[in-house]
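For this chain, numbers begin at 1 and follow the sequence in order. No experiment lies behind these values; they were computed from the predicted model shown.
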Amino acid sequence: MTSDDHASFFEQLFNTNPAIKLLIDPSDGRIVDANASAVHFYGYPADVLKQLKITDINCLDPEAVHAAMAKAEACQQLFFEFRHRLASGEVRDVHVYSGPVCLEGREYLHSIIIDVTDEKRYYAMLETYNDLFHNLPVGVYRNSAEPESRFTAANPAMLRIFEAESLEALLGVRPSSLYVCSEELKSFIADLERDGVVSRRPLRLRTLKGALIHTEVTVLRQVAEDGSVDFSGIVEDVTARHAAEMNRDRLTHLLDASPDIVAIADGQGRVVYLNKAGRDQFGVLPDKLADALVSAHPPWVCHLIEEEGIPYAMEHGYWYAETAVLGRDGEIPVSQLIVTRRNESGEIDSIATIMRDISQTKQHQAELEYHAGHDPLTGAVNRNRFLDLLARERKRAHRSGEPLSLIMFDLDHFKRINDTFGHSVGDMVLKKLVHTCHALLRDVDVLARWGGEEFMVLLPATPLTGAVNLAERLRQAIADEPFTPVPTLTSSFGVAELGEEEAEAQCYKRLDKALYRAKATGRNRVCMAEPATLNGSLPDESR
């Protein structure tokens, strides 16, 4: 292998190995290279890390660090225990395997760093408290090396985890026989032989009674002065946690299958979950809850949720309302439930919301309301709906002081049309009549089918003169509109301005009398109703 091939092989091994690795210039301690695991562990960007010296990371004084490098360069000592400071300021205990390597004619120190902070914490606890060893919830063990590997020590938790009836029963078992998967065993042994330590490795194992358990195993390879090798390890039974994670995954799958939008924020107001329906609707939401609300909802909904929804849910545990989310074509109406969850200390742990698209429900409801308030033949509002709208407009007119007028009209000789051309033509005439009238009305005006061929028009903010002018235009439009096969069609009108305190029934009588006069004086004309007296009654016609 040429020197170039050797350098290329080393670079590939250096960069692809998952262990934390640094390449250090022993002359000045400069970090020449760092692999991805080192960048992740130390928390510095790669270019920043490569501008540091090892003395910037090692907590020892620079002289001690350079002395250690000299030993490693001379192969006098290849294993070291240090404390390294991360970019965050956190200090971690590490094992460092460091030795010389020659690349492109220059000598560097190739250092493998193993974070042993957790393991050292475990060991310190065991050394300080002897009784804690027997009460630890995690298994602690020691076993000999292959080919005749056996457990040589185990705490009571190991017996419980592996369902051993006695310590002797566990010590008589080969550790390799507890593995479910031979590939996991091979990978575990290979990493342990290479690095000397394996930390919190997820492993599937079996108890002495054959039960499957999920564990996390930490093992340290130790070489005694006589050259013998044994292993000290910690086994944590995470079967319950694994089951909880599986349940969480099932729940996540269920939520992702739901057509409802589900989002969850934590107690600090960070969005931590959005199901598939939500991702399809919004894409990726901002992390902050306040920003996510703006991204997902129109402004009026954001205000409602911030001012009412979340405060109410925090006090009562839930809040429910009809709101809306932003869609590609505008607002989408949703039913929204906000639920808060508190931890054992009473603090808000999470805020969850479920939103269901109610567009079709609202459309169906609107259709029902429309049919309930409109004449099915002509599309004009029906009599009941007209009375409701009239009552509402009277209240508004009373507050504003604006006038309110009514027009009553019907078709002249409509019975003759039905008798001559049939009821289907009569129905066509009524529908076309309503269409013709709507073209002349404002949005605030209300056209109602009062009964048969009789109609009523409600005119908000319109005095009598304006109502008379509109009635004349309606009369003319009807007379000019062709209603084939009907040769001619005319209509008669009565118009009245509703008195402020006048009863509706009294106004209807005045309108009816005006319409009767229009009929009696030749039809196809508009007649104003007699004015109402101050008390709302009609004037005495005998005077």
Side-chain angles (χ1 to χ4, degrees), residues 1 6 9-24 34-38 40-41 71-72 75-82 84 92-102 108-120 122-123 138-154 158 162 170-171 173-206 214-236:
M1 180 181 292
H6 181 269
F9 175 76
F10 176 82
E11 180 180 359
Q12 181 179 2
L13 184 64
F14 183 86
N15 290 320
T16 59
N17 195 286
I20 303 167
K21 292 190 175 186
L22 297 176
L23 193 64
I24 302 169
N35 68 355
S37 296
H40 176 74
F41 175 69
K71 290 181 180 180
C75 294
Q76 295 175 351
Q77 182 179 343
L78 302 179
F79 171 77
F80 303 88
E81 293 186 81
F82 293 133
H84 281 186
R92 304 290 291 183
D93 292 301
V94 296
H95 285 172
V96 178
Y97 293 85
S98 186
V101 61
C102 187
Y108 301 99
L109 288 178
H110 175 217
S111 298
I112 301 174
I113 296 91
I114 301 166
D115 181 10
V116 296
T117 306
D118 294 337
E119 285 75 10
K120 289 196 70 172
Y122 280 134
Y123 300 148
V138 296
V140 180
Y141 70 91
R142 179 170 293 171
N143 68 281
S144 58
E146 295 289 354
E148 296 298 329
S149 175
R150 288 287 189 276
F151 287 113
T152 57
M158 283 289 291
F162 289 98
L170 184 62
L171 297 184
V173 172
R174 295 190 64 184
S176 59
S177 68
L178 301 176
Y179 285 76
V180 171
C181 177
S182 60
E183 293 301 319
E184 286 185 2
L185 173 60
K186 291 179 182 178
S187 175
F188 184 79
I189 292 175
D191 290 347
L192 187 56
E193 288 293 331
R194 182 190 67 236
D195 300 327
V197 65
V198 175
S199 180
R200 302 187 70 85
R201 174 69 63 86
L203 292 174
R204 293 174 296 164
L205 303 175
R206 290 199 181 278
H214 293 268
T215 66
E216 286 186 354
V217 178
T218 297
V219 179
L220 176 66
R221 182 174 180 269
Q222 296 174 311
V223 181
E225 293 182 359
D226 62 0
S228 62
V229 177
D230 64 4
F231 303 89
S232 296
I234 300 169
V235 179
E236 183 178 359

Chemist: Do K21 and I112 make a side-chain contact, defined as non-hydrogen atoms from C-beta onward lying under 4.5 Å apart?
Modeler: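 Yes, side chains in contact.
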
Chemist: Say you draw a straight line from CE of M158 to CG of L171; how long is it, rounded to the nearest 0.5 Å?
Modeler: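 Here the rounded value is 9.5 Å.
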
Chemist: Write down the atom of A19, the atom of N35, and the distance for their closest heavy-atom approach.
Modeler: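 Closest approach of A19 to N35: O-ND2, 2.7 Å.
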
Chemist: Taking the six-membered ring for Trp, are F151 and Y141 parallel (under 30°), tilted (30 to 60°) or perpendicular (over 60°)?
Modeler: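 Aromatic pair F151/Y141 classed perpendicular.
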
Chemist: With rounding to the nearest 0.5 Å, note down the distance linking CG in L220 to CZ in F231.
Modeler: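 So the CG of L220 and the CZ of F231 are separated by 9.5 Å.
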
Chemist: So, the side chain of T152 versus the backbone of R142: is there a donor-acceptor pair under 3.5 Å, distance only?
Modeler: yes

Chemist: I need the minimum non-hydrogen distance between S98 and L109, along with the two atoms involved.
Modeler: OG-CB, 3.8 Å

Chemist: Grab the two heavy atoms, one from V235 and one from V217, that are nearest each other, plus how far apart they are.
Modeler: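 Reported closest heavy-atom pair: CG2-CG2, 4.2 Å.
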
Chemist: Measuring from atom CZ of R150 to atom CG of N143, what distance do you get when rounded to the nearest 0.5 angstrom?
Modeler: 11.0 Å

Chemist: Determine yes or no for a side-chain-to-main-chain donor-acceptor pair under 3.5 angstrom, with T215 supplying the side chain and L203 the backbone.
Modeler: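 Side chain of T215 to backbone of L203: a pair is present.
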
Chemist: Which atom pair, heavy atoms only, marks the closest approach of A154 to L170?
Modeler: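 Of all heavy-atom pairs spanning A154 and L170, the closest is CB-CD2, 3.7 Å.
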
Chemist: Assess whether side chain to side chain contact (heavy atoms under 4.5 Å, CB included) is satisfied between V219 and F188, documenting all intermediate values.
Modeler: CA-CA 10 Å; V219 179; F188 184 79; 3.4 Å; yes

Chemist: For residues 75-82, which side-chain donor-acceptor pairs fall under 3.5 Å, sequence neighbours excluded?
Modeler:
residue	atom	partner	partner atom	Å
Q77	NE2	F79	O	2.9
E81	OE1	H95	NE2	3.3

Chemist: Where the side chain of S149 meets the backbone of S144, is there a donor-acceptor pair that is under 3.5 Å apart?
Modeler: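 Yes.
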
Chemist: To the nearest 0.5 angstrom, please state how far the SG atom of C181 sits from the NZ atom of K186.
Modeler: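 Answer for the SG-NZ pair, C181 versus K186, is 9.0 Å.
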
Chemist: Kindly state each residue pair satisfying side chain to side chain donor-acceptor pair (under 3.5 Å) with at least one member in residues 187-200, sequence neighbours excluded.
Modeler: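 As it turns out, the side chain to side chain donor-acceptor pair (under 3.5 Å) pairs with a partner in residues 187-200, which skip direct neighbours, are E119-S199, D191-R194, D191-R201, R200-E216, R200-E236.
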
Chemist: In Å and rounded to the nearest 0.5 Å, what is the CZ to CG distance from R92 to D115?
Modeler: 4.0 Å

Chemist: Tell me the closest heavy-atom pair linking S37 and P18, and the distance in Å.
Modeler: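 Of all heavy-atom pairs spanning S37 and P18, the closest is OG-O, 2.6 Å.
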
